Amino acid sequence: MRKYSLLIVASALVACARVAAPEPYGAIPSPQQVEWQKMEMNMFAHFGPNTFTGMEWGLGTEAEDIFNPTDLDCGQWASIAKAAGFKGIIITGKHHDGFCLWPNPVSTHTVARSPWKNGKGDVLKELSDACAAEGLKFGVYISPWDRNDPHYGTPEYNDVYVETLKSVHDGTYGEIFEQWFDGANGEGPNGKKQVYDWPRFHETVLSLQPKAIMFSDVGPGCRWVGNESGVAGRTNWSSLNTKGFTPGAGSPPTDTLNQGNVHGDTWHPAETDVSIRPGWFWRESENSKVKSLEKLLSIYYTSVGRNSLLLLNVPPDNRGRIHPADSARLIEFKAALDEIFSENLALGAKVTASNVRGRAFKPSNILDGNHDTYWATEDGVNEAYVTFDLKGVKTFNRVMVQEYIPLGQRVSSFTIEAEGVDGVWEEIARETTIGYKRIVPTEKITASKVRVNITGSYAPPVINGFGLYLDNISGYNEE
Ligand code: FUL
């Protein structure tokens, strides 16, 4: 008898184990892209001759001795970035003026010719070391457009640029998590625009840093969000049609970059780059124009809260330090995020769903804090809902939902419903895409049950995170 029941238990276990995970759908991320997306917030650092001249786009004719920070401290940048919750820092190793913050062997326009540290300094080395010490990742912006290099506008420049990339990615600065290629492309001394050899540039980076994510209008790796104001599309697909497009003038229209393409051919999640100040570079006159806490929170909701990574520019000043106006605001920002998101009011809820694929995909997986466990429905069931019984009444105004992106982005429409104290269900939000993370602002709602109702999905939904939060700090609301 005992043997018999053991057999039943064993075969039941086998049956459970047999329920396969849903098939991936459409374009899917690489493991590196998943890790990148989980970073959520990174710091951008625009620094170079413009920091000393007050220009946004240096001419390339600036004398090297203009670069002379009096008190450069990359440790200060890294510790502020860490305290503010950023996971990595991306620095403008070379902006359009061509000046290199490291002794680039194929350029004469570098720190080696500056008075800073008697020409022996290397900002990339100092910053990559400081990042490593703080456990932050290190990334670089190496502008393809170069207003200094005499070869610019000729095929030889592509060789110079490849050598430039090599000298940054060859391991001198450790692992580089992201290479930023911006799309600006002006004319060289011969009046011609450079014809970039993008495949060669990509190969160069990947051969040296196989894990690096490459940013441009069309990746490969991640895409520009289409504006510099911190706003990703309310509908935001991480997939994009890239065939036939190039970074810069040949890129898809900005509204496409902003929203991605449903069924796009490759996984190119949006990165939202925006500056904490009016300009990308530090200038004295903008010390009083650092974005308000309210604005930063709004940017957080329209970037991280809309399935995008936030790359917030915090430009160091002409001493080579982050100005107190910026660091104070960043710390306020982090404190506000902690206050809003430290308590997930949905934790402890009883979770049920209208359809469940099998035990391994049970609805309570959504609240277990594990990225890799999720609720999924059976094949063929693309519309379904999941209900959170809050075991009491909770008041919230932010609803967070996450899709398990390793299987692709699937949901195209959903609503959020809440059961109020009067026992009446009410629709409180109606949205389109979810992706890695969607934070939906709502009115202040007091409810005992909340439901996510997936009304459109291209494959069985796979949901791995849910949260209810109360934001008493920002008045942010969508439209
Ligand atoms: C753009 C540049 O032209 C701006 O100066 C800035 O660096 C921004 C982040 O990218 O393409």
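Because the structure is predicted, anything quoted here is derived from the model rather than measured. Heavy atoms only: backbone and side chains are in, while hydrogens, waters and symmetry mates are out. Atoms within a ligand are numbered from 1 in the order they appear, just like the ligands themselves.
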Practice prompt. Could you tell me whether Lys211 atom NZ has more than 12 heavy atoms of other residues or ligands within 6.0 Å of it?
Written response: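 For Lys211, atom NZ is not crowded (no more than 12 foreign heavy atoms under 6.0 Å).
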
Could you tell me, for ligand 1, which of its N or O atoms are under 3.5 Å from any protein N or O, listing the pairs and their distances rounded to 0.1 Å?
from: ligand 1; atom 1: 3 (O); to: Trp57; atom 2: NE1; distance (Å): 3.0
from: ligand 1; atom 1: 3 (O); to: His96; atom 2: NE2; distance (Å): 2.7
from: ligand 1; atom 1: 5 (O); to: Trp57; atom 2: NE1; distance (Å): 3.0
from: ligand 1; atom 1: 5 (O); to: His95; atom 2: NE2; distance (Å): 3.0
from: ligand 1; atom 1: 7 (O); to: His46; atom 2: NE2; distance (Å): 2.7
from: ligand 1; atom 1: 7 (O); to: His95; atom 2: NE2; distance (Å): 2.9
from: ligand 1; atom 1: 7 (O); to: Tyr141; atom 2: OH; distance (Å): 2.8
from: ligand 1; atom 1: 11 (O); to: Asp182; atom 2: OD2; distance (Å): 3.1

Less than 3.5 Å apart, which donor and acceptor atoms pair up between the side chains of residues 463-474 and the rest of the protein, not counting sequence neighbours?
from: Asn464; atom 1: ND2; to: His371; atom 2: O; distance (Å): 2.8
from: Asp471; atom 1: OD1; to: Ile473; atom 2: N; distance (Å): 2.7
from: Asp471; atom 1: OD1; to: Ser474; atom 2: N; distance (Å): 2.8
from: Asp471; atom 1: OD2; to: Tyr301; atom 2: OH; distance (Å): 2.7
from: Asp471; atom 1: OD2; to: Arg398; atom 2: NE; distance (Å): 3.4
from: Asp471; atom 1: OD2; to: Arg398; atom 2: NH2; distance (Å): 3.1
from: Asp471; atom 1: OD2; to: Ser474; atom 2: OG; distance (Å): 2.8
from: Asn472; atom 1: OD1; to: Lys444; atom 2: NZ; distance (Å): 3.2
from: Ser474; atom 1: OG; to: Arg398; atom 2: NH2; distance (Å): 3.4
from: Ser474; atom 1: OG; to: Tyr476; atom 2: N; distance (Å): 3.3

Exercise for the section: Answer with yes or no after comparing the ring centroid distance for Trp102 and Tyr173 against a 6.0 Å cut-off, counting only values under it. Expected result: no

Could you give the side-chain donor-acceptor pairs of residues 57-70 under 3.5 Å, partners two or more places apart or in another chain?
from: Glu62; atom 1: OE1; to: Gly60; atom 2: N; distance (Å): 2.8
from: Glu62; atom 1: OE2; to: Leu59; atom 2: N; distance (Å): 2.7
from: Glu64; atom 1: OE2; to: His109; atom 2: ND1; distance (Å): 2.6

Point to revise | Check against ring pair (Phe, Tyr, Trp, His ring centres under 6.0 Å), Tyr161 and Phe201 | key: CA-CA 8 Å; Tyr161 188 65; Phe201 302 164; 4.7 Å; yes

With sequence neighbours excluded, tell me which residues meet ring-ring contact (aromatic ring centres under 6.0 Å, His included) with His169.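 Partners of His169 by the ring-ring contact (aromatic ring centres under 6.0 Å, His included) criterion come out as none, since no residue qualifies.
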
